[in-house]
Each structure stands twice: as structure tokens, then as C-alpha cells.
2 protein chains.
Amino acid sequence: MSHEKTREPQERAVERRERILDAAFTTFAENGYRETAIDAIAQRSSTSKGGVYFHFATKEAIFRELMRTTADKLVEKVERSVAAESDPIAQADIAIRTVLETFAGHRRMARLLFVDAFGAGRIFHAQVAELHVRFSALITGYLDRAVVDGTIDPLDTRIAGEAWFGALNEIVDRWLMADPPTQLLDAYPTLRTLLLRSVGVADARIREIAATLRPR
Amino acid sequence: MSHEKTREPQERAVERRERILDAAFTTFAENGYRETAIDAIAQRSSTSKGGVYFHFATKEAIFRELMRTTADKLVEKVERSVAAESDPIAQADIAIRTVLETFAGHRRMARLLFVDAFGAGRIFHAQVAELHVRFSALITGYLDRAVVDGTIDPLDTRIAGEAWFGALNEIVDRWLMADPPTQLLDAYPTLRTLLLRSVGVADARIREIAATLRPR
DNA sequence: GCAGAGAAACCGACCGGCCGGTCGGTCCTG
DNA sequence: CAGGACCGACCGGCCGGTCGGTTTCTCTGC
């Protein structure tokens, strides 16, 4: 359809758009939403303010797209990891671990999703809330299945999902703020025990799942 | 020291300062930090911008003082409620309940502490982090005592405290965002069960504590 | 294969609103 | 009448967004 050398203008534009997005991601993660000027993004992506505004309607739109795609990636990753397991409790466990592992390796991602919303102002509450809902719903799903399976006793899984997410969120936040940097994954064993216990999984079973999962 | 009618200028000034603080509290809680203009605070407190700046050095200072005193009040309240109990697990339980009860009755307070930091920008991360540390340390304290008592098995109480706080925080956040408003206290029974279980308190004991506490 | 029309992509100077903070002045009160 | 308390017009920086203009590509017709 096109020769290898020739670049349709679209193609170049697409690449530029991506560059802008990358630059925005980094800059938002480093300085926060409010503190990031469009000019900074333009400079970092070797474009111009006008160029940025050619591709995006508003600053907010950039941030939204970034949050959405980032969250998409994470959710997708979690769902892939989870697919290997059939026991819903093990799935929930893996989900937690995947999130921690991912953030441990992509601090910026964590900053964008969990901290940057900070400084973004009230307009983004909805956006952030959506993120929270999305992740806690994921967890609630696993817990629901576990209840149906009879693996755990019935309970308000919505609240449990929220609580799990909140706990996870807090641990990640702390890690992001920790001054002498810490190892995020160090928290995993304790956290999984806390969370699994909280929905009534017996200690023996928790150890059992751990043994199954370890091999990765 | 002074006659009932006469007002020393100091006294009037003090009252004014308070009025400003009140107005700031309400406005911050309603609109968020960033979205609140000093002029709005001045107007609401029937003073002027200059007046506000006579009492406070910066906008940030107002917010800080508000957060500090609000957190102080809450911590104090929790500690008072807790004092009545001797069993550390019951204390932790009561602490959770007190926080929920307090917020249920003072939505604004919750907004200020948990949501407003939002929109306050990166400068406040430290402030917010401090708040989180403070509350989770409170919980960690109870858990530590429970461990020493032998009431619960040893575990990383720091992480547990953070997780508990995170869970609580998330529940409150959701309640604040819920569109058809919900009853915050409805979450309490589930939440307490989750949290107490998470540190290994047996279900029987959880019910037992509930029975003791109910009478308030 | 090339002129050139036209559109897409891009640039950056500039505008304008917003708002924190200042400052010279006024008003009480003791 | 001194000085603490208070007022409000004003300043100035910041930054999101605009807009007229330029560059770069594509496509057509010859």
C-alpha cells in the first residue's frame, strides 16, 4: 500500500502524537497535573504548544487519555495473569501480586494513577473514582465467584472489594512516598495474608495457595 | 477580667480569626482547595481579603491549620472513645467505629480531610501523608498491644495498620462520592469483620466483642 | 516527473482570565 | 492619638488556549 521509505503524513503525525503522550506521561508523573505546563510537554516532545493543541483539545483530554490507557494496560495485565488460575481465591491473590509487581517495576505508572490525580483538582474526582470503581469491581468479581463456589462464606463483596483496593492503594501510596525507598514487593506476603484472611480463607489454605503460586 | 459588654480588640480579633477559619473550612470542603479563592473566604466571613491576610500569612497556612486542628479533633475523639475499653482489639474496633460515626455526622470534615487534599497540588502530599501516617500509626499501636497481649499472632503491624487505614479511607471516599447518598454506618459491620479477621481474630471472638460494644 | 493547488500538520507570539499576595490608607479602641 | 485591626484597589505571574501564518506532504492533471 505504501513503500517502505515514504511516510504518509498521517504516519508521522501518529508518531508525533505518541511522542506527546509519552512526554505528557513522564511530566505528569514527575510534577503532577497542575504543575505541568503544556509548554513543558511540548518542549519535552520536541514539538510546540500549537502542535500539542493540534492533537489534543485540552490539557484535560491528554490526562484523561493517559489515565484511561494506563489503567487499561494494567487491567489487561491482571486479567492475563489471572487467566492461568481457576480457583477464584488464587485469582484474587494473583491479581494483588500482579498489581504490586507491575508498580514495583513501573513507578511512574503508579505515580500517574495513584498520586497525580492529586493536584488535578475536583474535576478529576469522577475520573479517579472511576478508576477506583474499576479496580475494586475487578476484585469484587473474584470474590463473588469464590462465594458462589462455596470457597468462602457469603459476605458483602462490594465492600470487601473496596476494602481490598483501599488497602492495596494505601500500601502503594506509602511506597511512593517512602523517603529511603523501600521494596514494594516486601509488603506482598503480609498483605495477601491480611486480605485473604479478611474474607475468611483459612490460614492453611492461604499457605496452600502460596505454595501453588510461588513457581510463578 | 473584662466587663460583659466591652470587647477588647483582641477578643474581637480572635473571634474574627475564628470566623475566617470557619468560612475557610466550609468553602474548602465545598469547592476544594484550588477552587477556593481567598476572596470567597473573605466574603463568607464578612471580612476582606486584607483582613484574611492580617490573620494568616498564606492560603496554604489556612489550609494547614484547618487540617491539623480537624485531625486533632478526630484523633482526640477516637482516643476518648477508646479509653473506655481495655482489650486492644476492642479498642481498634471502637476506633474504626468512631471514625465512621464521626464522619457520618460531619460530612464536611470528611471532605476536608480525605478529599480536599485533592486539588491541593503536590505541595500537600507531605501534609496528607502525615495525616495517613498519623492515623495508621494509631491503629498500628492498638495492634501492637494486641500482639504483646498475645490476643493475636505476631504480624507486620505497620503494614496491617496501613491496610486498615487504606480500607477505611476507601470506604469513606466512596461514601463521599456516592450519588444517591448512602448510609456510611451500614458498612461498619462488614468492615469490622473484614479488618478483625485480617489480623487473625476468630469469628467467635469478633461476635463476642460486638456484643460487648453494642450498648455503646 | 513535475507544477502547483490544497489540505493536513505544525509553529509560537500573543491574549486574557484568574488569583495569591501587597500596600497605602482608614477606622476603631484604649 | 498611638497602634492594632482591618480594608480593597491594585499588581504581577502564570498558563491554558487561540490564531494567523508557515511548512510539509499528497494528489491531480498534464
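We name chains A, B, ... by the order of the sequence lines, and we start the count at 1 in each one.
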Is there any protein nitrogen or oxygen under 3.5 Å from a nitrogen or oxygen in nucleotides 18-21 of chain C, and what are the pairs?
residue: C/dG20; atom: OP1; partner: B/T36; partner atom: O; Å: 3.2
residue: C/dG20; atom: OP1; partner: B/K59; partner atom: NZ; Å: 2.6
residue: C/dG20; atom: OP2; partner: B/I38; partner atom: N; Å: 2.9
residue: C/dG20; atom: N7; partner: B/K49; partner atom: NZ; Å: 2.8
residue: C/dG21; atom: OP2; partner: B/Y53; partner atom: OH; Å: 2.9
residue: C/dG21; atom: OP2; partner: B/K59; partner atom: N; Å: 2.9
residue: C/dG21; atom: N7; partner: B/K49; partner atom: NZ; Å: 3.3
residue: C/dG21; atom: O6; partner: B/K49; partner atom: NZ; Å: 2.7

I'd like a table of donor-acceptor pairs (distance under 3.5 Å, sequence neighbours excluded) in which one partner is a side-chain atom from residues 176-186 of chain B, with atom names and distances.
none

At under 4.0 Å, does any side-chain N or O of A/R12 touch on OP1 or OP2 of C/dA9? no
Please state how far atom CD in A/Q43 lies from atom C1' in C/dC10, giving the value in whole angstrom units. 17 Å
Would you call the rings of B/F135 and B/F165 parallel, tilted or perpendicular, where under 30° means parallel and over 60° means perpendicular? parallel
Distance check needed: D/dA5 P versus B/R19 CZ, whole Å only. 15 Å
DNA chain C nearest-nucleotide lookup for A/F54 and A/G50: closer to the 5′ end is A/F54
Identify each donor-acceptor pair in which a side-chain atom of residues 46-56 of chain B lies under 3.5 Å from a protein atom, sequence neighbours left out, and give them as a table.
residue: B/T47; atom: OG1; partner: B/A42; partner atom: O; Å: 3.3
residue: B/T47; atom: OG1; partner: B/S45; partner atom: OG; Å: 2.8
residue: B/S48; atom: OG; partner: B/G51; partner atom: N; Å: 3.0

To the nearest Å, give me how far apart CD (A/E11) and C1' (C/dA8) are. 15 Å
Between D/dC7 atom C1' and B/I41 atom CD1, what is the distance in whole Å? 17 Å
Would you say a side-chain N or O of B/R16 is under 4.0 Å from OP1 or OP2 of D/dC7? yes
Non-neighbouring partners of B/T190 that pass side chain to side chain contact (heavy atoms under 4.5 Å, CB included), sequence neighbours left out: A/D156, A/I159, B/L194
Summary of salt bridge (Lys or Arg N to Asp or Glu O under 4.0 Å) pairs that have at least one residue in residues 78-88 of chain B, sequence neighbours excluded: B/E76-B/R80, B/D87-B/R205
Within residues 160-170 of chain B or reaching into it, pairs that qualify as side chain to side chain donor-acceptor pair (under 3.5 Å) - sequence neighbours excluded: A/H132-B/E170, A/R174-B/E162, B/R158-B/E162, B/W164-B/S198, B/E170-B/R174
